[in-house]
Amino acid sequence: MYYESKELIMMDPLAIRGGKPARSTPLPPNYPGAVLMGEEEALAAAEVVKARSPFRYYGIEGRHAVETFENTMAEKLQVPYVLGVSSCTAALITAMKALGIGYGDKVIVPAVTFMATAGAVVCCNAVPVFADVDESLNLAPGDLERVYDEDVKAIITVPVLGSPCHMVPILEFARRHNLYVIEDVAQSCGVTYKGRTAGTMGDIGVFSFQMNKILTSGEGGAIVTKRADLFERAVRYHDQGLFRQKERYGIETDETAAFTGQNYRMSELTGAVLVEQWKKLDFILEGMKQRHSSIVSRLRSELPSIRLRAVIDEEGDIGSSLGIILSDAGTAQAVAGALGAENISAFTLYGGKPVYMLPQFFHQRTADKDGFPYNYPFKNPVRYTEDMCPRAVDLLARTLFIPVSPLLGDQDEDEIVGGLVKVLVGLNVLER
C-alpha cells in the first residue's frame with residue numbers, strides 16, 4: 001500500500017540507506033550531444049573563423065557549412081528540403097508563416113510541452129488551444145475533437161523526451177478536417193513511429209539544437225518538409241523575404257509574390273558544429289536505447305509493480321529518459337529527494353504543470369496592446385481553466401524522469417537500478 005504523501009515528505013532520504021550515498025559522483029549530465037563534443041567540432045568552427053566567413057550566404061573564403069549540414073540532415077531523414085535556422089522557436093514561427101497561419105486562426109497544442117511551442121503560435125498572431133495527453137504524456141488523439149472548431153488551422157505534435165506520438169490517428173483527424181500538422185521534434189531527434197522518422201510525417205517538421213537537445217550547437221534549429229511551395233515560403237520568411245539559392249533547389253519563383261520576412265538565418269559557425277554532431281547521432285541513439293532497454297528490463301524484473309511512462313512505439317523510442325509514474329505529487333517529490341541523495345538526478349517535467357498554466361498563457365498576456373492576438377472575435381472565444389486538461393494535470397505532477405545519457409556504463413546502470421530499487425522499496429511506494 002502507499003504511504004500518505006505528507007509522511008513521505010517528512011522522511012529523511014538518507015535514512016533508507018544508512019546515510020551513505022550509493023554514488024560518490026553524479027551521473028553524466030543530461031546533454032546528449034554536448035557530452036560528446038570534442039576536437040571535431042572545435043576544428044570545424046575554427047575553419048570557419050580562419051576562413052573569415054561566418055555568414056552563410058557569402059564571405060571571404062566561404063566554407064558552405066550550413067549548406068553541408070542541410071544536405072546531411074536531408075539525406076539522413078530522406079526528405080528533399082531542409083532549412084537551418086537560428087533556433088527551434090524560429091523554426092516554429094517560420095513553419096507557421098510558411099503555412100499562412102496568423103490572426104484569426106487557432107492552433108492545437110499539447111498541454112505538455114515547452115513554452116516555446118505555444119509561444120510561437122502567439123508570436124504568429126494566432127491563438128493556442130490545448131489538447132490533453134495520454135499516459136505517454138504526448139498529445140491524446142481522442143481529445144482533438146474537444147478542442148477543434150472551424151477556426152483551428154493546424155495541430156502541433158510534440159514527442160516529449162524521446163518518445164513518439166500516436167501519429168496515425170492524429171494525421172487521420174487532420175486529413176478529415178483539412179488541418180496542417182507541424183511536428184515539433186525539438187526534444188526527440190531520431191524518434192520514429194511505425195518505421196517513419198518523426199518530423200517527416202506531417203506537413204512540416206521542426207528540430208532544435210539547443211544545449212540540452214540530442215544534438216547541439218548551443219542554439220540552432222531546422223525546418224524539414226517534402227513540399228517545395230512550403231519550403232520556398234519558409235526560406236523567404238527566415239531571410240527577410242529573399243530566396244538566394246533558387247538554382248540549388250531548381251525551384252522557379254515569381255519575385256512579384258515575395259513577402260516581408262524576418263532574420264532567422266543560421267550562421268556558418270553553427271552549421272559547422274552541426275555537421276560534426278550529425279556524424280555522432282547513430283552512436284548517441286544506440287547508446288541511449290540499449291541502456292534504457294536494459295534498465296527497464298531489470299526494473300520490471302526486480303519491481304514488477306513499477307509503473308513506467310507508456311510508450312506508443314517501443315522501437316521508435318530513443319530512450320533518452322526513463323519515466324516513472326508514482327501515486328501522487330508528494331510521493332514523486334519524496335522519491336526525487338531520495339534519489340538526489342543517491343546522486344541520481346530525477347525531476348518532474350515543467351514544474352509538474354501543463355504549459356497553459358504559465359501566467360503569460362493562462363492570463364493571455366502579450367507584448368501587444370488590446371490583448372492582441374487573443375482579442376480576435378472568435379465565434380467560440382478561447383478561455384483557459386486549470387482543469388481543462390485533467391490527464392496532464394494529474395500525470396505531470398507525479399511522473400519522475402531520469403535522464404539516460406549515451407555515456408552511461410555498466411556500473412552506472414547498476415547504480416541507477418540499485419538506487420531505484422533501494423529508494424522505491426525503502427519508501428514503500430509500490431503496490432504489493
Side-chain angles (χ1 to χ4, degrees), residues 33-34 36-91 93-95 97-98 189 199 204-211 213-255 258-281:
L36 289 170
M37 274 186 160
E39 191 71 12
E40 303 87 358
E41 288 87 352
L43 289 173
E47 284 298 312
V48 171
V49 173
K50 288 189 290 184
R52 299 163 294 171
S53 300
F55 182 66
R56 73 160 295 178
Y57 287 119
Y58 52 79
I60 296 174
E61 299 175 28
R63 287 294 183 265
H64 311 293
V66 175
E67 185 172 331
T68 301
F69 151 68
E70 291 168 342
N71 291 340
T72 299
M73 189 171 176
E75 181 179 0
K76 183 75 175 179
L77 300 183
Q78 293 295 290
V79 293
Y81 305 113
V82 173
L83 177 65
V85 293
S86 54
S87 70
C88 191
T89 304
I93 293 171
T94 301
K97 291 295 185 179
C189 183
I204 293 186
V206 298
F207 291 75
S208 175
F209 306 110
Q210 185 265 346
M211 178 64 186
K213 302 306 189 291
I214 306 302
L215 301 179
T216 187
S217 48
E219 290 284 7
I223 298 165
V224 306
T225 185
K226 297 176 182 177
R227 290 179 50 179
D229 59 332
L230 297 182
F231 181 69
E232 179 189 347
R233 286 180 59 84
V235 171
R236 287 191 181 280
Y237 192 78
H238 106 293
D239 189 20
Q240 310 286 14
L242 299 172
F243 191 4
R244 302 179 196 245
Q245 295 183 319
K246 301 171 191 176
E247 67 287 346
R248 176 184 170 194
Y249 303 101
I251 297 176
E252 295 294 331
T253 64
D254 178 4
E255 287 302 318
F259 51 82
T260 304
Q262 299 273 8
N263 172 12
Y264 291 142
R265 297 181 297 256
M266 176 180 282
S267 80
E268 285 285 275
L269 289 164
T270 299
V273 170
L274 287 173
V275 168
E276 298 304 321
Q277 282 275 291
W278 269 90
K279 296 175 184 178
K280 302 176 181 181
L281 179 61

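Since the structure is predicted, the reported quantities are computational estimates derived from the model, not experimental observations. The basis for the numbers below is simple: all heavy atoms, side chains too, and nothing from hydrogens, waters or symmetry mates.
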Apply the test side chain to side chain contact (heavy atoms under 4.5 Å, CB included) to residues Arg248 and Asn71: give CA-CA distance (whole Å), side-chain angles for both, the deciding distance (0.1 Å), then the verdict. CA-CA 11 Å; Arg248 176 184 170 194; Asn71 291 340; 3.0 Å; yes
Say whether, by atom type as modelled, one donor and one acceptor occur between the side chain of Glu268 and the main chain of Val66 under 3.5 angstrom. yes
Just by modelled atom types, is the Phe209 backbone N or O under 3.5 Å from a matching donor or acceptor in the Thr216 side chain? yes
Quick check against the 3.5 Å criterion: does Glu232 have a side-chain atom that pairs as donor or acceptor with the backbone of Thr253? no
So CD1 of Ile223 and CZ of Arg233: to nearest 0.5 Å the spacing works out to 12.0 Å
Identify the heavy atoms of Val82 and Val79 that sit nearest to each other, and give their distance. CG2-CG2, 3.8 Å
Let me confirm one number: the OG-CG distance from Ser86 to Asn263, rounded to the nearest 0.5 Å. 7.0 Å
Looking at Arg236 and Gly261, would you say the former's side chain and the latter's main chain have a donor-acceptor pair under 3.5 Å? no
Shortest non-hydrogen contact from Met211 to Ala34? CE-CB, 3.6 Å
Under a 4.5 Å cut-off applied to non-hydrogen side-chain atoms, are Leu242 and Tyr57 in contact? no
One should read off an interatomic distance between Leu83 CG and Leu230 CG, to the nearest 0.5 angstrom, of 12.5 Å
Indicate yes or no: does Glu252 engage Lys246 in a salt bridge with an N to O separation below 4.0 Å. no
Candidate pair Ile251 and Tyr81, rule side chain to side chain contact (heavy atoms under 4.5 Å, CB included), full reasoning: CA-CA 11 Å; Ile251 297 176; Tyr81 305 113; 4.1 Å; yes
Is the side chain of Ser53 donor-acceptor paired with the backbone N or O of Ile60 at a distance under 3.5 Å, no angle test? yes
State the CG-CG distance between Leu215 and Leu274, to the nearest 0.5 angstrom. 7.5 Å
Considering non-hydrogen atoms only, spot the tightest contact between Ala272 and Ala65 and give its length. N-CB, 3.5 Å
Distance in Å, Phe69 CZ paired with Gln277 CD, rounded so as to fall on 0.5 Å steps: 10.5 Å
When you look at CD of Glu75, are more than 12 heavy atoms from neighbouring residues, nucleotides or ligands closer to it than 6.0 Å? no
Taking every heavy atom of Cys88 against every heavy atom of Val206, the minimum-distance pair comes out as SG-CG2, 3.9 Å
For the pair Glu41 and Lys279, find out whether any cationic side-chain nitrogen is under 4.0 Å from an anionic carboxylate oxygen. no
Just do the side chain to side chain contact (heavy atoms under 4.5 Å, CB included) check on Lys97 and His238 with the steps written out, would you? CA-CA 10 Å; Lys97 291 295 185 179; His238 106 293; over 6 Å; no
So which atom in Val85 and which in Ala222 form the shortest heavy-atom distance, rounded to 0.1 Å? CG2-N, 3.8 Å
Lys/Arg-Asp/Glu bridge criterion (N-O < 4.0 Å) met for Lys280, Glu276: no
Could you tell me which non-hydrogen atom of Pro54 sits nearest to which non-hydrogen atom of Val48, and how far apart they are? CA-CG1, 3.8 Å
Going by side-chain hydrogen bond (donor to acceptor under 3.5 Å, both in side chains), name the residues that satisfy it together with Thr270, two or more places apart in sequence or in a different chain. Ser267
Interatomic spacing from CZ in Arg265 to CD in Gln240 - rounded to 0.5 Å: 6.0 Å
Check the pair Glu70, Arg56 against side chain to side chain contact (heavy atoms under 4.5 Å, CB included), reporting the backbone distance first and the verdict last. CA-CA 12 Å; Glu70 291 168 342; Arg56 73 160 295 178; 2.8 Å; yes
For the pair Tyr237 and Tyr264, name the ring-plane relationship: parallel under 30°, tilted 30 to 60°, perpendicular over 60°. tilted
